[in-house]
Amino acid sequence: AKADGRGVFRFFERQMDEAVQRKQALKAGLRGALDRAELELRYQPLIGVEQGGITCFEALMRWRHPHLGMVPPAEFIPVAEESGFITGMGEWALATACREAASWPAPLRLAVNLSPVQFRRPGLVRAVAMALSDSGLMPERLELEITESVLLGEEEANLAILRQLRDLGVRIALDDFGTGFSSLGYLLRFPFDKIKIDRSFVHGLPDREDAKAIVRAITGMGRGLGISVTAEGVETPGQLGALRKKGCSEAQGYLFSPPVPASEIPALFKRLRPS
Ligand code: C2E
Ligand code: CA
Ligand code: CA
Ligand code: CA
């Protein structure tokens with residue numbers, strides 16, 4: 001039994017070593033990833049729940065590592081945030097996506113994620129303004145997605161940045177709504193244009209009473225506050241039906257399309273026409 005225990009211990013030790021090594025490899029690789037053009041963007045459509053048709057695309061970052069293959073953002077974004085690389089990567093994503101979106105037919109919108117780390121660096125507002133002016137994308141067609149963690153800490157300073165972004169004419173969306181500690185409080189502090197219901201709530205639709213109650217509460221609140229409500233992670237027609245009944249305005253998920261390269265956008269337009 002003793003030998004077994006040691007074996008198990010060694011096993012975990014090796015696993016931890018591997019995890020630490022992988023993280024170090026990712027960190028080292030991320031340093032030049034942008035310059036080596038290893039970063040790519042995928043675009044996932046948002047669909048109008050009532051009328052159908054694409055209303056917006058969310059840009060999502062991908063990293064094609066030369067040896068490790070595609071590294072998922074859930075793994076490399078935290079590393080990029082720790083090392084500070086996320087600022088340059090995020091600015092690249094913003095500029096690239098705006099250039100892409102400038103050729104889409106109006107009033108189609110573009111959504112871009114902002115990391116809390118990126119948010120706290122000086123120069124964010126300038127970078128957004130530059131991405132808009134360089135691309136010619138109308139500000140009202142750009143939506144910046146933030147999570148409530150952006151507002152943690154120096155709340156007044158962060159609210160001031162949100163107001164400056166808003167003054168540029170862009171829309172601000174509160175992402176992963178309902179998963180944090182104080183999502184509701186933030187709705188009183190800043191007039192968000194949109195909230196995105198986290199997919200953990202959508203998952204329980206259409207059958208679970210608790211999920212239905214939560215989604216009903218969020219859409220009701222959105223209506224009361226004049227904030228549009230999007231659901232993410234929509235995978236089944238049953239979930240879409242429940243969201244429609246609750247008055248959700250947009251839906252996003254594998255039911256319609258996974259995130260795709262920009263070259264596949266024209267085909268998506270044909271397939272996902274308004275009804
Ligand atoms: P997020 O902003 O909540 O993005 C939605 C995630 O859900 C995406 O994962 C998307 O591919 C995935 N998804 C979409 N539809 C479905 C569905 O029907 N079912 C399921 N199970 N998942 C679905 P992805 O692309 O792996 O990105 C993960 C997270 O990484 C994002 O979550 C976001 O927080 C972060 N991220 C991605 N790109 C960027 C970026 O350019 N900048 C920053 N700061 N963060 C990013
Ligand atoms: Ca998002
Ligand atoms: Ca989200
Ligand atoms: Ca999420």
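Nothing here was measured: the structure is a model prediction, and the numbers come from that model. Atoms within a ligand are numbered from 1 in the order they appear, just like the ligands themselves.
Annotation: angle subtended at the Ca ion (ligand 2) by Glu58 OE2 and Asn113 OD1 is 90°, to 10°.
Taking a 6.0 Å sphere around NZ of Lys27, one finds it holds 12 or fewer heavy atoms contributed by other residues, nucleotides or ligands.
At least one donor-acceptor pair closer than 3.5 Å links the side chain of Asn158 to the backbone N or O of Val150. A donor-acceptor pair under 3.5 Å is formed between the side chain of Gln44 and the backbone N or O of Ser257. A donor-acceptor contact shorter than 3.5 Å is absent between the side chain of Arg171 and the backbone of Glu145.
Using a cutoff of 4.0 Å between basic side-chain nitrogens and carboxylate oxygens, Glu38 and Arg64 are not scored as salt-bridged.
Taking every non-hydrogen atom of Ser115 and a distance limit under 4.0 Å, the qualifying atoms of ligand 1 come out as 44 (N). Near Glu58, meaning under 4.0 Å from any of its heavy atoms, are these atoms of ligand 1: 2 (O), 4 (O). Below 4.0 Å from some heavy atom of Val234 lie the following atoms of ligand 1, by number and element: 18 (O).
Between Phe76 and Trp63, the ring-plane angle classifies as perpendicular under the 30° and 60° cut-offs.
Using a 4.5 Å cut-off on side-chain heavy atoms (C-beta onward), Leu255 and Thr236 make no contact. For the pair Leu174 and Leu187, the minimum side-chain heavy-atom distance is below 4.5 Å. Residues Leu114 and Leu124 meet the side-chain proximity criterion, which asks for heavy atoms closer than 4.5 Å. Side-chain atoms of Lys194 and Val229, non-hydrogen and from C-beta on, never get closer than 4.5 Å to each other.
Scanning Glu232, Arg199, Met89 for the heavy atom closest to atom 12 (C) of ligand 1 points to Arg199. Heavy-atom proximity to atom 19 (N) of ligand 1, evaluated over Gln44, Glu75, Glu235, Gln239, is greatest for Glu235. Closest to atom 38 (N) of ligand 1 by heavy atom, among Lys196, Arg62, His203, Met61, is Met61.
Using 4.0 Å as the threshold, Gln252 has no heavy atom nearer than that to any atom of ligand 1. Within the structure, ligand 1 has Pro259 among the residues with a heavy atom less than 4.0 angstrom away. Under the 4.0 angstrom criterion for non-hydrogen atoms, Gly233 is in contact with ligand 1.
For ligand 1, none of its N or O atoms has an N or O atom of Gln118 under 3.5 Å away. On a distance-only criterion, Leu60 and ligand 1 share no N/O pair closer than 3.5 Å.
Shortest distance from the Ca ion (ligand 3) to Asp175 is reached at OD1 (N/O/S atoms only). In Glu232, the N, O or S atom that comes nearest to the Ca ion (ligand 3) is OE1. The Ca ion (ligand 2) sits nearest to atom OE1 when only the N, O or S atoms of Glu145 are considered. Here the N, O or S atom of Asp176 that is nearest to the Ca ion (ligand 3) is OD1.
For Asp176, every heavy-atom contact with ligand 1 shorter than 4.0 Å involves the side chain, none the backbone.
Between Trp92 and Phe85, the distance separating the two ring centers is not shorter than 6.0 angstrom.
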